[in-house]
Each structure stands twice: as structure tokens, then as C-alpha cells.
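Report on the following structure.
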There are 2 protein chains.
Amino acid sequence: MPSRVRISDVASAAGVSIATVSASLNEVESARISADTRARVREVADRLGYVPNRLAQGLRAQRSSTIGFIGDRVATTPYAVGMVRGALEAARAADRVILLMNAEGDPELESRELATLLQHQVDGVLYATMYHRSVEVPSGLGATPVVLVDAESADPTVSSVVPDEISGATTAVGELLDHGHRRIGFINNTEPILAATGRLEGYTRTLERAGIGLDPTLIIAAPSIGPEGGYRAARQLLELPERPTGLFCFRDLMAMGVYQAASEAGLRIPQDLSVVGFDNMEFAAGLDPGLTTVALPHYEMGTWGVRELLGLIDSPSRKAKQVKLCGQLIRRRSVAPPPT
Amino acid sequence: MPSRVRISDVASAAGVSIATVSASLNEVESARISADTRARVREVADRLGYVPNRLAQGLRAQRSSTIGFIGDRVATTPYAVGMVRGALEAARAADRVILLMNAEGDPELESRELATLLQHQVDGVLYATMYHRSVEVPSGLGATPVVLVDAESADPTVSSVVPDEISGATTAVGELLDHGHRRIGFINNTEPILAATGRLEGYTRTLERAGIGLDPTLIIAAPSIGPEGGYRAARQLLELPERPTGLFCFRDLMAMGVYQAASEAGLRIPQDLSVVGFDNMEFAAGLDPGLTTVALPHYEMGTWGVRELLGLIDSPSRKAKQVKLCGQLIRRRSVAPPPT
DNA sequence: GTGAAAGCGCTAACAG
DNA sequence: CTGTTAGCGCTTTCAC
């Protein structure tokens, strides 16, 4: 923080008091400053390259214009990038700044980082998780407002925004239905996170609504860390006596494994097998054929999160909102009508 | 920034002056505080949940303990994640906090964000780019120290850290040579960025050193945004009368296209064709076979960047360093000896 | 050993 | 219309 020009420098250069400088620059209505003075002050401030010291402003105003963004490992994964970007954007629009922290899933570290955020007097905290899941609201925040991003809480007094998993799955399965598929498999994740249960519910509900009886053999859970899980599940599904013609995958990464299994089984995508993924990761467009997938609303969750937080900061008594945001279907070339 | 407990609260609760609280908590040597008092103050502070106000400390100390991280689009791309994480980690270790900004490649926005960073009195700024390239050092920073991350400058007075492209390419090509390949193609990027020229130089140098004459028909530049460029280049290369047995790709995404072209040409990887990528993106492990690739030192650049910055902050007269960090070969299954 | 006081840069209330 | 003053929470001489 090297020496920079202070308000008093501007004041003496302009031949006025610091109060006049402050009032001129901040366009304070109540203070009657002549247009002349105002203009001169502004001119001098510009010439000197004066920028107000936000630390001092914050100390005075009891508000730092700063928002903390803390993620369990969130700063870490490509997933998170959208949320951070959304938050950054919304913060900038409101002339706020983001203090980023990454707890890497370590609760002890997390509470230390939260404390650091408080020391820096953040006006509010965005608490984000890498996967959509249920969390405890971080404690020790005192009266500082929080909003949960990509996470929800049992506590109805805390605001949160999550993806609408059910509607996401409905969109994905709907795309398959629309192309005429009737036997549709679902390769789910094994971990019992909300993303998994929600997508399963969307899948079953959508099929039921379409009048298609549920066939439990068409649902397989597998580890979703890499394509292997998807690969193995797909092999199993494709060996069924009456194999599915369309597959909905929990993640794009699993769909990647499906492509592999299909190729080994001599099945072409989409002519013989249609597949839709979830996540819209960077490589999805690069698969051959391009993977139709559901994009999660990461960016939108980020922006919603800071807007909600700003609202909470302005009126702390405002009641909490829990919101679900829909994902968007990205159509590429991996879905076609089923073979006849 | 809701009301929190101040030093004066601790002072009155402990029955001492605020000066004593400050000295006790900060373990000031020169101030002779009895062990008793010190302990009592600490106990009271803990009980009250006192944390110092960093805004006030910063104002007083003329140092905010804050570092700005600004990227041209950096917060945006999976690439960047490693740098941000590295920076976060190093900052935390030094009890500093990171203010993140994203300029999205807009110079006008960038200078506004830089100004905002200055208003918030950051002690220094990390300026990061998405691709390794040469940049102008951002102006208007005054005396605030900067370090460039994944970018370099013609100006020798500014510190920077970039990947060692030449050694990265050497590593990649070396892996192919080690397996006995002699005809090695290079699918490069078309844009004239440092990453492209450096990798090309590494490629040619390594072949020359191995006593292999350079064959210009084996070098093809193509757009690297998606796999298509890699696909087309690979088709061309694989149709050569004497086709290469190993391919080095500018990016993993291009390698993805190579896989496709190879499969269409009836060539198996790695038995008929070996390929090595660059980037180690998440999907690289998921390709079939897993892609051998060079991981860029993003994380390390992030940590190096803040350490260098902290050094500069402590001793502004210290002379700048330009550093190149080596990437790491990630061996998977896409490289084998050439067919005989 | 500990406290009083000044001052970091700023804004707002009040005087003039 | 503009200047003086107090005070945001903290650290640091300097007295006692």
C-alpha cells in the first residue's frame, strides 16, 4: 500500500477544505457546493489521480463494500468457475469486491478462513459447495448475512440457490422422449447427494408422466469421478436382452465412458444409441458426435447469490429465500430417433 | 459489516486500557505487560469472540494485507483455476487475503478494476493471463508492486512467472523419442502466442539434438479452440506417404481430435500411433486410452507469484525476477513403441 | 507495568 | 456556500 494521494492533498491543491472535497466528489445533495467549486475540485482530483481510500471509508461507514466468497474446494474445480464468475460480475455491478477463499473441504480450515473474512469486515458471505448438497450453515458468523450457493440447508431462515435437479433431469429425459425413445436408461452417481436423488426423481417422474413403466434394470449407479463408471454401467445396460435405445448420464464424464462402451459394442451414436449428459463440460462439444447435455446454472447461481446477499445486507430483517434455478439443454449431435 | 466486538469492549471487560489489550494480543516485546495481565486479556478477548478489525489495522499500518488478483478472463477458464488456487494458498500462508477480479479481456474494464483494487488499498497485484503471452504492464498502478503470472513483459523491471514452453515440449517429444519414435509430428496452434513459438522451438530443438532432420511436412498449425483443428491436422498427417508414428499436440483438446482421426483411419492408439498432449485437462484421463500429456505449472505459478509479490512489498527496491517453471509429464497409455 | 493521546483517511453534523 | 470537528478501531510513542 504505497503512499497514494489523499483527500487532504486534493483539498490543499484546490484551495478548499477536505470536507468540501468529500462533498463535491460524493455529490452530496445536502451540502451546497457551488458548481464552480465542485468542478474545480473534480478537476484537481482527476489531475492528481486521487482515488478514495476504501479502508478509511469502510471504517467510517461501518461497511467495507466487500463480500466473502468461500467454497469447499470450490475455487478449485472447473465447475466452480461459473459461480465465481457470476459472483464477480454481480459484485462489480454493485461496486462491491470479492474476497475469495478456498477451504478445500477442511472444516477446521474453513472456520479459520471464515474468521479471516470477518476480520476483514466483509459485509456478507457467499458459501458455495462444489456439488449440490445439503450443508450446515457455517457458524460463528454472528450477524453477518450468508447465502448458500449450490448448497441448501435444513434451516429455512437461510437463503440459498441450487440447481433444479428435477427439472434438469426432466429436460434431459424429455429430449430423449421427444425423439421417440421409450427404453431409456439412467446411469446415476453412487453418492447420496442431492444431485443424485433429484435427477433420479426427475427421471422416474418424467417417464411415469409419459406413461412408461419404470424398469429398475435400466437404472445403474456407478462412481462418477471418471468415465470408467459410465463405461461399466453402459456395458451392463447394453448387454440387456432388450437394451435401452437412449441413455441419460449423471455427468458428461460418465457419458464419455458410454461413448467408449458403445464403440466397443459396435453401436453408433446417435444412430444406434442416443445419449445425453449433464454438466456441459468443455470437452462435451469435442466428443464425436458432440454430446447433448444439460448445462448447470453456475453463473446464474453466482449472480443470484450476491444479489440476494446485497439485499440481506441492506435489510437484514428481510426473509430468506430458497431458490432453484433451471439448467439449460445444450443440443448437439448425440440424440436421434431410436433405431427401428 | 454488522457490529462486532471492538478492542474497547475487551479493554473495559478486562479492566485495562485499549493500549494494553493491543500490546497483549500482539505480543509486543517492547511493552512490558505482566504475564498475568496478558493472560487475562487474552482470556477475555477469547470469551468475547474479539477479532481485530483489519480495516482499522490497515488504515493505521498503511498496509491492507490484501492482494489483488486480476485476470484477463482468468477467473473464467478451467486453466486459471490452478493459478488462483496456488495464489490463495500462498496468500493464506502469509496471512494475506485475495481480492479477485476478472477483466474478461476488456482493457477499459481492466483499468477500472485496477482502480478499484487501488481504492481498496491492495498491497500488490497479481496480473494473470489465460494463455502464456506477452503483455504490457498495466499502467496507473503507481508504486504498487505487480507480478505477471502466465505472462511476460518486455520490461525487465517487472517480475513474471511463465511456463517453460521449450522444456515442456522437450519433455513431450522426449517421451516419444524414448519409446523409439523417429517420425514425430507436431500439431501446433495457429495464433502467434509465446506458447506456440516456444513449443515449436522445443520440438525442433529436441529433434535436432536427437540427430533427426526436421521435416516441415510434419508440422501443421491449426486452430486450437476445439478438437476439430487437431482432427483435420491429424488426417492430413496420417495420409502422408510416410506417416508419423508419434504426434505431439499443442493442447489436449487437439489430441482429442487426433484420437478421432486415428480411429477413422483404422489406427489404434498407442499400438499404431502414439500421441502426447499438453495441458492435462480433466478429460485427458478419460480418453481411451488415457492421454499422456504435459501438465502446466499453474498452481506453482500462482504460489510463486504471491511469494514474489510479498517480497516486493517488503522490499520495493529488490530487483525483479523473471522465472520459467517446468511442466510435468503425466504418463498414461497413449504412448508405446512405434509399429515395426 | 500500564494508560493517555495522536493520527491513519474519510464522512457527517454543525457552525459560521 | 464552505470550514471545523468528532470519531470509525487500531497501534505506537511517550509519560507516569
Side-chain angles (χ1 to χ4, degrees), chain A residues 1-42 44-45 48-66 95 118-123, chain B residues 1-42 44-45 48-66 95 118-123:
Chain A
M1 205 161 94
S3 72
R4 311 208 238 255
V5 14
R6 294 147 303 170
I7 198 171
S8 60
D9 298 328
V10 179
S12 49
V16 296
S17 76
I18 59 168
T20 303
V21 175
S22 175
S24 302
L25 262 24
N26 295 330
E27 321 239 9
V28 177
E29 304 293 326
S30 54
R32 268 119 237 297
I33 311 278
S34 72
D36 271 15
T37 313
R38 204 179 286 264
R40 186 158 40 87
V41 166
R42 231 197 282 273
V44 172
L48 264 40
Y50 169 75
V51 291
N53 181 329
R54 297 283 210 130
L55 256 41
Q57 287 184 324
L59 186 58
R60 168 74 226 219
Q62 300 290 79
R63 152 178 299 216
S64 66
S65 298
T66 267
D95 193 27
L118 291 187
Q119 292 190 193
H120 281 271
Q121 309 300 116
V122 293
D123 297 329
Chain B
M1 202 162 94
S3 71
R4 312 208 239 255
V5 13
R6 294 147 304 168
I7 196 171
S8 60
D9 299 328
V10 178
S12 50
V16 294
S17 74
I18 60 168
T20 303
V21 175
S22 175
S24 302
L25 261 24
N26 295 330
E27 320 240 8
V28 178
E29 303 294 323
S30 54
R32 267 120 238 299
I33 310 279
S34 72
D36 270 17
T37 312
R38 204 179 287 263
R40 185 158 41 87
V41 166
R42 233 197 281 274
V44 172
L48 263 40
Y50 169 74
V51 291
N53 181 331
R54 298 285 212 126
L55 257 41
Q57 287 184 323
L59 186 58
R60 166 76 225 220
Q62 298 290 84
R63 152 178 298 217
S64 67
S65 298
T66 267
D95 193 26
L118 290 188
Q119 293 190 192
H120 281 273
Q121 310 299 115
V122 293
D123 296 330

Between [atom2] of [N] and [atom1] of [X], the distance in whole Å:
X      : N      : atom1 : atom2 : result
B:R63  : C:dG7  : CZ    : C1'   : 19 Å
A:R54  : D:dG9  : CZ    : C1'   : 19 Å
B:L59  : C:dC10 : CG    : C1'   : 8 Å
B:R38  : C:dG1  : CZ    : P     : 11 Å
A:E27  : C:dT11 : CD    : C1'   : 16 Å
B:R6   : D:dC8  : CZ    : P     : 8 Å
B:H120 : C:dG9  : NE2   : P     : 17 Å
A:I7   : C:dC10 : CD1   : P     : 5 Å

Point-to-point distance, once rounded to the nearest 0.5 Å, from [atom1] of [X] to [atom2] of [Y]:
X      : Y     : atom1 : atom2 : answer
A:R54  : A:R63 : CZ    : CZ    : 11.5 Å
A:L55  : A:S64 : CG    : OG    : 9.0 Å
B:L25  : B:R42 : CG    : CZ    : 6.5 Å
A:L118 : B:R4  : CG    : CZ    : 4.5 Å
A:R6   : A:L48 : CZ    : CG    : 10.5 Å

Query raised in the report: Can you check whether A:Q57 has a side-chain N or O nearer than 4.0 Å to OP1 or OP2 of C:dT11?
Result: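 True: A:Q57 side-chain N/O within range (under 4.0 Å) of C:dT11 OP1/OP2.
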
Requested in this report: Please state whether the phosphate of D:dG9, meaning OP1 or OP2, lies under 4.0 angstrom from any side-chain nitrogen or oxygen of A:Q62.
Outcome: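 A:Q62 to D:dG9 OP1/OP2: side-chain N or O found under 4.0 Å.
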
Requested in this report: Taking the side chain as every heavy atom from C-beta outward, state whether B:S24 and B:V21 have any pair of such atoms under 4.5 Å apart.
Outcome: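 No; the side chains remain at least 4.5 Å from each other.
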
Query raised in the report: With a 4.0 Å cut-off on heavy atoms, is B:R32 in touch with a base, just the backbone sugar-phosphate, or nothing at all?
Result: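 Contact class for B:R32: base.
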
Query raised in the report: With a 4.0 Å cut-off on heavy atoms, is B:T37 in touch with a base, just the backbone sugar-phosphate, or nothing at all?
Result: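 Sugar-phosphate, no base atom in range.
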
Query raised in the report: Nearest of C:dT11, C:dC10, C:dG1 to any side-chain atom of A:N26?
Result: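 Nearest to the side chain of A:N26 among the choices is C:dT11.
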
Report task. Tell me which nucleotide among C:dG1, D:dC1, C:dG9 gets nearest to the side chain of A:S34. Result ->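 Output: D:dC1.
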
Query raised in the report: Donor-acceptor pair, A:S22 side chain versus A:I18 backbone, under 3.5 Å?
Result: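 Checked: no pair found.
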
Requested in this report: Could you identify which residues of residues 8-21 of chain A place a heavy atom less than 4.0 Å from some atom of DNA chain C, listed by residue number, or say none?
Outcome: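 The answer is A:I18, A:A19.
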
